[in-house]
2 protein chains.
Amino acid sequence: MLLKENERIDDLEINGFRIIQNPSSFCFGMDAVLLANFASSKKNFRVADLGTGTGIIPLVMAAKGKGKEFVAFEIIPEMADMASRSGKLNGIEEHFHVINMDIRDIIPNPDISQESNKTGKNKTDNSDAGFSDMIKKGTFDFVTSNPPYIKVDSGLHNPSSSLNVARHEISVTLRDIIQAAAYLLKDKGSFAMVHKPFRLPEIITELKATGLEPKRLRLVQPKAGKEPSTILIEAVKGGGEFLRIEPTLVIYDDDGNYTEDVLEIYGKL
Amino acid sequence: MLLKENERIDDLEINGFRIIQNPSSFCFGMDAVLLANFASSKKNFRVADLGTGTGIIPLVMAAKGKGKEFVAFEIIPEMADMASRSGKLNGIEEHFHVINMDIRDIIPNPDISQESNKTGKNKTDNSDAGFSDMIKKGTFDFVTSNPPYIKVDSGLHNPSSSLNVARHEISVTLRDIIQAAAYLLKDKGSFAMVHKPFRLPEIITELKATGLEPKRLRLVQPKAGKEPSTILIEAVKGGGEFLRIEPTLVIYDDDGNYTEDVLEIYGKL
């Protein structure tokens with residue numbers, strides 16, 4: 001009943017949690033799992049996820065007890081619908097809200113009066129009535145995002161496909177996401193993001209410019225001695241200057257097997 | 001003849017190069033050697049080192065053929081003198097110039113006319129006549145620095161000691177150093193620095209604000225699975241946005257011996 005055509009249910013292997021995915025559109029990758037693991041969110045936190053896709057990040061965080069209430073934003077209606085059904089599949093729909101809207105609309109447009117904005121004009125809510133109450137400024141303890149990594153400037157075919165929206169900055173830029181996170185967070189609330197190493201300077205500049213101070217950074221390398229493929233970063237709204245760089249996470253050992261650190265993240269140790 | 005009281009000569013073990021040090025004031029550490037190794041400077045380059053201490057960075061770079069002409073700045077007269085004598089000790093004094101001056105005076109004070117500034121008032125040159133020609137704006141291909149790591153705000157005793165000037169931001173701040181580097185560099189020239197991980201956000205912000213775009217970053221970890229103790233970063237004046245994060249450098253293996261990467265840096269492989 002919960003499944004539509006081409007969809008399947010995958011076991012997340014954490015406390016029995018499962019996720020609905022459609023292999024023909026987009027399946028979650030390791031980056032999302034690494035971010036959910038990296039995020040320092042606590043069990044009583046109110047958490048937002050920006051560009052949730054299938055909802056993988058808040059689902060893993062819910063499975064790990066890293067939050068009390070989750071609000072996940074997704075622009076593509078089919079993906080938002082899938083994420084919402086995954087919430088029901090795991091019986092957490094009362095604490096797992098999926099909002100089908102553009103992240104760029106989270107910050108109210110100053111040209112539109114606050115009232116007309118609150119009516120949710122041009123927004124569709126697949127799962128929750130009264131979602132506008134959920135996106136009040138400064139009401140979240142924690143925000144996560146696994147945003148598109150690639151700037152749009154060349155050779156992009158089929159820009160509207162789910163895969164392209166997830167991978168390229170078609171519907172949101174890095175700045176849009178960081179500004180939305182800063183808007184949603186309480187003072188001293190945290191924003192955790194996964195991204196590509198080559199964009200670290202821009203990420204740090206944008207975070208600091210928005211009042212989010214980088215406090216934790218972790219590089220992820222496929223192997224010892226190889227360049228990192230991924231970065232995990234956490235920033236605190238109104239935090240003081242002091243970055244803790246954590247030990248580089250290595251995915252595979254020299255024999256090509258998962259390292260103990262990764263097995264622990266996947267709950268296999 | 002080249003040695004003064006309490007000084008000694010140490011072998012750098014690279015192409016027969018040696019260095020004069022005074023163990024009672026300050027001896028170079030691994031960070032300087034790692035930076036000299038990390039720096040992508042080429043053999044025909046004109047290189048400046050900001051806060052050179054005993055001259056360790058340009059000496060190692062000269063030993064490795066990473067520059068044609070070196071200009072090293074040092075505020076403490078005794079240290080500048082020692083670095084200058086190390087140049088003579090290695091027979092490279094014609095290409096190794098030590099200037100005893102405050103890095104903050106590299107950028108001409110706008111209140112003083114260009115001419116009076118060029119006379120080098122309030123500056124002492126321990127080794128070179130006419131050094132003002134050597135610090136013309138935009139004339140260096142490469143700049144290095146192993147600056148003081150610690151902000152001055154608490155509990156600092158004996159602020160004038162060589163050790164404190166080398167370790168604390170007494171005579172220069174991070175911003176002073178980055179601005180001096182940007183001033184000295186040609187367009188597309190590079191600035192390489194070693195620093196502490198916790199200041200990375202500030203470093204990146206200051207570099208970008210000064211037109212130096214971070215292009216290479218390497219973390220240095222004492223061991224696999226331990227937090228990095230040091231970062232190496234290189235930025236290009238007027239470069240485009242794209243950071244390459246290199247594989248994390250691990251110093252000791254699980255048995256407490258130097259890793260192959262470090263042995264290679266020290267020329268033992």
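Each chain gets a letter, A, B and so on, in the order the sequences are listed, and its residues count up from 1.
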Legend entry - Members of residues 218-227 of chain B whose heavy atoms come closer than 4.5 Å to chain A: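 Within residues 218-227 of chain B, the residues under 4.5 Å from chain A are B:Leu219, B:Gln221, B:Gly225, B:Lys226, B:Glu227.
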Inset, instruction - With a 4.5 Å heavy-atom cut-off (strictly below), which parts of residues 193-203 of chain B touch chain A? List them by number. - result: B:Pro197, B:Phe198, B:Leu200, B:Pro201, B:Glu202
Inset, instruction - Verify whether one side chain among B:Tyr149 and B:Asn146 offers a donor that lies under 3.5 Å from an acceptor in the other. - result: yes
Inset, instruction - State, without any angle test, whether B:Asp253 and B:Thr259 hold a side-chain donor-acceptor pair at a distance under 3.5 Å. - result: no
Inset, instruction - Evaluate the criterion side chain to side chain contact (heavy atoms under 4.5 Å, CB included) for residue pair B:Val71 and B:Phe140; output intermediate values, then yes/no. - result: CA-CA 9 Å; B:Val71 181; B:Phe140 285 84; 3.8 Å; yes
Inset, instruction - Check each of A:Leu243, A:Leu232, A:Ile204 against A:Leu217 using the side-chain contact (heavy atoms from CB on, under 4.5 Å) test, and report the only one that passes. - result: A:Leu243
Legend entry - Spacing of A:Thr210 atom OG1 and A:Ile178 atom CD1 [to the nearest 0.5 Å]: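 These two atoms lie 6.0 Å from each other.
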Legend entry - Between OG1 on residue B:Thr54 and CE on residue B:Met79, distance to nearest 0.5 Å: 5.5 Å
Inset, instruction - Please name the residue in the list A:Arg46, A:Lys43, A:Lys186 that meets the salt bridge (Lys or Arg N to Asp or Glu O under 4.0 Å) test with A:Asp141. - result: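 Answer to the salt bridge (Lys or Arg N to Asp or Glu O under 4.0 Å) test with A:Asp141 among A:Arg46, A:Lys43, A:Lys186: A:Lys186.
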Legend entry - Which of A:Lys215, A:Glu213, A:Glu246 touches chain B most, by non-hydrogen pairs under 4.5 Å: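 If we count pairs closer than 4.5 Å to chain B, A:Glu246 comes out on top.
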Legend entry - Salt-bridge contact A:Lys151-A:Glu169 (side-chain N to carboxylate O under 4.0 Å):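 Salt bridge absent between A:Lys151 and A:Glu169.
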Legend entry - Atom group of A:Leu207 that falls short of 4.5 Å from chain B, counting heavy atoms: neither
Inset, instruction - Pick one of side chain, backbone, both or neither for A:Leu249, based on which atoms fall under 4.5 Å of a heavy atom in chain B. - result: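 Neither part; nothing is under 4.5 Å.
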Inset, instruction - Decide yes or no for B:Val172 and B:Pro147: does some side-chain heavy atom of the first lie under 4.5 Å from some side-chain heavy atom of the second? - result: no
Legend entry - Close side-chain approach of A:Phe73 to A:Asp49, heavy-atom, < 4.5 Å: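 Heavy-atom side-chain distance check fails, nothing below 4.5 Å.
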Inset, instruction - Show your reasoning for whether side chain to side chain contact (heavy atoms under 4.5 Å, CB included) applies to B:Leu185 and B:Phe191. - result: CA-CA 8 Å; B:Leu185 284 172; B:Phe191 172 51; 3.9 Å; yes
